[in-house]
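Down below is the structure, laid out as structure tokens.
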Amino acid sequence: MGKVMKHLLIAGGGFAGFWSAVSAARHARELGVRDQLKITLINRDEYLGLRPRFYEADLAGTRIPLRKWLAPLSIELVVGEIADIIPTSRHVQFMKGSTVVPDIAYDQLILATGSRQVYPDFVERGRVFSVDTFTEATTLDQHLRALVAVGFPTPASRTFAVVGGSFTGLEIVTALPSKLEHLAQSTPRFTFHLIEQAPEIGLGYPPDARLYIMERLRHLGITVHTAQQGLRHEQGCLILADKQQLPTETVIVATGFTASPLAAAFDGPRDRLGRLTVDTFLRLPAHPEVLAAGDISLAKTDPDHYAVMSCQHAMPQGRTAGHNAVSLLFNGSPLPYSQPRYRTCLDLGPEDALVTAGWERHIITTGPEAKTIKTEEILKQTISPPMDIADTLAMASPVTTL
């Protein structure tokens, strides 16, 4: 008789899911149980989307083929949408296109289905854009190319509005001028607007950092509208709370994220973003056979702080979750998740960025030096797995979270 295989199922192929899978394969090899463990990763497509890069002028290279890394590690990739998860029977209901396929059973589940863009009620959903997914970023890119093709014939076609002055909104709006230059041979005079409901832009930053951000926005010619609650979006016109009307064909939403709706399948407390509370080992207290990592997980990085929805927390959580899932399946000792180091690197357009350290976000560097850190270190190296499989396995060690 053949060996009875245990099944580790990973739901979601983003940063947390990808690193969960590789870390699980790595730890199973360490324990000498790789031939007793089946690892399956479910994702909506065959790519790891480098989500923090979807605002860039050129989308080439902003996603990578999962099979290139998973196949050499004997990790099965199943492509399709998860319709539901039934924790009582440890089954996942799965759809491929519009076809329901047989349920997938698991012994241990890593929930890594991430988050999604929140669309505010005031927008006409089919007439706004986002860069939440590669598909949505591509739709925006195609829209801009269509405007280029007709030569931006109206003031509305030359007016661009980003709703949401968050981290993502700031990166989108400061990248737009160079993105349009990238797409068009010659560009007319554009108008850029950043609209935020809070009284200031960048409230998560200290005063000196907020001042730097505002100076950069002014330098790029971006008009900032704050305290804008009660917006309306009607017939191609954005109507602000102060009654100012912005006729525009391009409204880009960056109004925050909420956890994947699949979190609703599980019992237990969650925060206002829908993230599931986990213990120090990233397990769901009401479902010990389930670990959660990434944007769907409400995990403490240290005694005083919770992780934010970002790849810098999703990747280490994935490494810890993959390691711990294997440990729990084979009677090992799981490792606590910890990540006391925190920094941000905010892209602010051509040759500029803002790097901060700590939860207080003290400025470390700005300008071209910060831009190099953002583009060369973070976007091209840190968030992309190494081309060599052995190097990827080494990077999958949960030690990197400590």
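All values reported here derive from a predicted model rather than from experimental measurement.
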TODO: Look only at the side chain of Thr277 and the backbone of Pro269, and say whether a donor-acceptor pair between them is shorter than 3.5 Å.
DONE: yes
Task: Expected output: side-chain Asp132 to main-chain Gln117 donor-acceptor under 3.5 Å - done: yes
- [ ] To the nearest 0.5 Å, tell me how far Asp35 CG sits from Ser74 OG.
- [x] 11.0 Å
Open item on the list: If we ignore hydrogens and angles and just use 3.5 Å, is the side chain of Arg34 paired with the main-chain N or O of Leu37 as donor and acceptor?
Closed with: yes
Task: Exercise: identify the closest heavy-atom pair between Leu231 and Ala241 - done: CD2-N, 3.9 Å
- [ ] State, yes or no, whether a side-chain contact exists between Tyr337 and Thr301 at a heavy-atom distance under 4.5 Å.
- [x] yes
Task: Donor-acceptor under 3.5 Å (Arg319 side chain, Met395 main chain) - done: yes
Task: Candidate pair Ile389 and Lys68, rule side chain to side chain contact (heavy atoms under 4.5 Å, CB included), full reasoning - done: CA-CA 9 Å; Ile389 298 299; Lys68 177 178 173 58; 5.8 Å; no
- [ ] Report yes if the side chains of Phe54 and Glu136 come closer than 4.5 Å at any heavy-atom pair, otherwise no.
- [x] no
TODO: Mind running side chain to side chain contact (heavy atoms under 4.5 Å, CB included) on Val173 and Ile252 for me, showing each step along the way?
DONE: CA-CA 9 Å; Val173 77; Ile252 306 170; over 6 Å; no
Open item on the list: Tell me if the OH atom of Tyr47 is crowded by more than 12 foreign heavy atoms within 6.0 Å.
Closed with: no
Task: Closest contact, heavy atoms only, Gly12 versus Asn43 - done: C-OD1, 4.0 Å
Task: Polar side-chain atom of Ser260 near backbone of Leu262 as donor-acceptor pair, under 3.5 Å - done: yes
Open item on the list: Whether Glu377 and Arg343 form a salt bridge (side-chain N of Lys/Arg under 4.0 Å from carboxylate O of Asp/Glu) is what I want to check.
Closed with: yes
TODO: Compute the centroid of each ring, for Phe129 and then for His143, and state whether the two points are separated by less than 6.0 Å.
DONE: yes
Open item on the list: Which heavy atom of Glu289 sits nearest to which heavy atom of Pro87, and what is that distance?
Closed with: OE2-O, 3.8 Å
- [ ] Just say parallel, tilted or perpendicular for the rings of Phe160 and Phe190, cut-offs at 30° and 60°.
- [x] perpendicular
- [ ] Examine distances only and state if a side-chain atom of Glu46 and a backbone atom of Leu66 form a donor-acceptor pair shorter than 3.5 Å.
- [x] no
- [ ] Give the ring-plane orientation class for His27 versus His323, where under 30° counts as parallel, over 60° as perpendicular and anything between as tilted.
- [x] parallel
Task: Note: Lys371-Asp347 ion pair, threshold 4.0 Å (strictly below) - done: yes
- [ ] Please test Leu180 against Leu147 for side chain to side chain contact (heavy atoms under 4.5 Å, CB included), starting from the C-alpha separation and ending with a verdict.
- [x] CA-CA 10 Å; Leu180 289 165; Leu147 293 178; over 6 Å; no
- [ ] Check the pair Arg216 / Ile213 against side chain to side chain contact (heavy atoms under 4.5 Å, CB included), numbers first and verdict last.
- [x] CA-CA 5 Å; Arg216 184 60 182 161; Ile213 292 168; 5.7 Å; no
TODO: With the side chain counted from C-beta on, respond yes when Leu238 and Val163 share a heavy-atom pair under 4.5 Å apart, and no when they do not.
DONE: yes
Open item on the list: Within the 3.5 Å criterion, strictly below it, is a donor on Tyr119 or Ser130 matched to an acceptor on the partner's side chain?
Closed with: yes
Open item on the list: Can you confirm if the NZ or CZ of Arg361 lies within 45° of the ring axis of Tyr205 and under 6.0 Å from the centre of its six-membered ring?
Closed with: yes
Open item on the list: Nearest 0.5 angstrom please: Cys345 SG to Glu171 CD, how far?
Closed with: 8.0 Å
Open item on the list: Check whether Asn324 reaches the backbone of Phe281 with its side chain - one donor and one acceptor, N or O, closer than 3.5 Å.
Closed with: yes
Task: Atom pair CD1/CD of Ile10 and Gln108 - distance to nearest 0.5 Å - done: 10.5 Å
Open item on the list: Could you check whether any side-chain heavy atom of Glu196 comes within less than 4.5 Å of a side-chain heavy atom of Leu203, counting everything from C-beta outward?
Closed with: no
- [ ] Answer yes or no: is there a donor N or O on one side and an acceptor on the other, between the side chain of Thr113 and the main chain of Ala11, under 3.5 Å?
- [x] no
- [ ] Using a strict cut-off of less than 4.0 Å between a Lys/Arg side-chain nitrogen and an Asp/Glu carboxylate oxygen, indicate whether Asp141 and Lys179 qualify as a salt bridge.
- [x] yes
- [ ] Answer yes or no: does atom CD of Gln244 have more than 12 heavy-atom neighbours from other residues, nucleotides or ligands under 6.0 Å?
- [x] yes
- [ ] Output the distance between atom CG (Asp352) and atom OG1 (Thr174), rounded to the nearest 0.5 Å.
- [x] 9.0 Å
- [ ] Assess the side chains of Thr159 and Thr191: does a donor N or O sit below 3.5 Å from an acceptor N or O?
- [x] no
Task: Side-chain (Ser297) to main-chain (Gly294) donor-acceptor, under 3.5 angstrom - done: no
TODO: Report yes if the side chains of Leu348 and Tyr212 come closer than 4.5 Å at any heavy-atom pair, otherwise no.
DONE: yes
Open item on the list: Between Ser115 and Arg51, do the side chains contain a donor N or O and an acceptor N or O under 3.5 Å apart?
Closed with: yes
Task: Side chains of Phe15 and Gln317 in contact at under 4.5 Å (non-hydrogen atoms) - done: no
Open item on the list: As an exercise, state the distance from CZ of Arg145 to CG of Leu183, rounded to the nearest 0.5 Å.
Closed with: 5.0 Å
Task: Asp121 atom CG, over 12 foreign heavy atoms within 6.0 Å - done: no
Task: Heavy-atom closest pair, residues Ala161 and Thr248 - done: N-OG1, 4.3 Å
Task: More than 12 heavy atoms of other groups within 6.0 Å of Arg44 CZ - done: no
- [ ] May I ask you to test the Thr40-Tyr106 pair for a side-chain heavy-atom distance under 4.5 Å?
- [x] no
Open item on the list: Any non-hydrogen side-chain atom of Arg270 less than 4.5 Å from a side-chain atom of Leu276?
Closed with: yes
TODO: Determine the interplanar angle of the Phe18 and Trp69 rings, folded into 0 to 90°, and report it as parallel if under 30°, tilted if 30 to 60°, perpendicular if over 60°.
DONE: perpendicular
Task: Nearest non-hydrogen partners of Ser20 and Ala321, listed with the distance - done: OG-CB, 3.9 Å
Task: Donor-acceptor contact below 3.5 Å, side chain Thr392 vs main chain Asp388 - done: yes
Task: Arg53 to Gly61 - nearest heavy-atom pair and separation - done: NH1-O, 3.2 Å
